[in-house]
Amino acid sequence: MRKFTLAIAAASMTVPVAAVVPTTAAVAQSYGTYHGKTWRGADGRLYCKRPNGTTGLIVGGAAGVLAGRAIDSRGDRTTGTILGAAIGALVGRHVERNVVSKCR
């Protein structure tokens with residue numbers, strides 16, 4: 001009975017995933033033509049794929065940790081490390097999302 005229940009559970013998890021995954025051609029056909037980082041939408045406008053800022057968030061957070069730890073040299077240094085990580089992550093995310101990626 002246990003094997004039967006596990007088999008049914010495994011089958012029920014795989015069936016919906018296989019039916020939902022669209023192909024790239026179907027997505028491009030329904031929304032417009034896709035050519036790498038830019039694509040033309042169904043409304044005729046040119047759209048640009050931009051990064052979501054994850055890499056900048058991680059790099060900025062790491063740099064912020066080092067800077068915050070170096071600046072806060074008294075006592076425990078935990079406050080400087082945490083504030084540096086938070087500020088560095090926000091700045092890194094902002095830079096990657098808005099400054100680095102220009103659609104041409």
Side-chain angles (χ1 to χ4, degrees):
M1 184 68 176
R2 176 187 256 176
K3 289 182 183 179
F4 179 72
T5 306
L6 288 174
I8 294 295
S12 68
M13 285 190 278
T14 58
V15 172
V17 172
V20 174
V21 177
T23 62
T24 307
V27 171
Q29 186 178 17
S30 64
Y31 293 113
T33 52
Y34 178 73
H35 299 288
K37 291 186 177 189
T38 61
W39 71 92
R40 189 161 304 277
D43 57 354
R45 292 178 57 195
L46 185 66
Y47 292 95
C48 180
K49 182 181 185 297
R50 295 188 176 182
N52 61 1
T54 306
T55 306
L57 183 102
I58 293 170
V59 172
V65 164
L66 296 174
R69 189 154 174 85
I71 291 170
D72 187 15
S73 59
R74 295 185 193 167
D76 191 18
R77 299 200 291 191
T78 304
T79 306
T81 304
I82 292 172
L83 286 175
I87 293 170
L90 290 175
V91 169
R93 181 175 182 259
H94 175 74
V95 166
E96 185 181 5
R97 290 183 88 186
N98 297 320
V99 176
V100 174
S101 62
K102 297 287 184 193
C103 186
R104 299 175 195 254

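Hydrogens, waters and symmetry mates play no part in the numbers below; they use all other heavy atoms, side chains included. Sequential numbering from 1 along the given sequence is applied to the chain's residues.
A side-chain hydrogen bond (donor to acceptor under 3.5 Å, both in side chains) check over residues 53-65, counting only residues at least two apart or in different chains, returns the pairs Asn52-Thr54.
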Report all side-chain donor-acceptor pairs from residues 61-76 shorter than 3.5 Å, counting only partners two or more places apart or in another chain.
unit_1: Asp72; atom_1: OD2; unit_2: Gly80; atom_2: N; d: 3.2
unit_1: Asp76; atom_1: OD1; unit_2: Thr78; atom_2: OG1; d: 3.4
unit_1: Asp76; atom_1: OD2; unit_2: Thr78; atom_2: OG1; d: 2.8

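Cluster annotation: Val91 is not connected to Ile58 through the hydrophobic network of ILVMFWY side chains, with a link wherever side-chain heavy atoms come within less than 4.5 Å.
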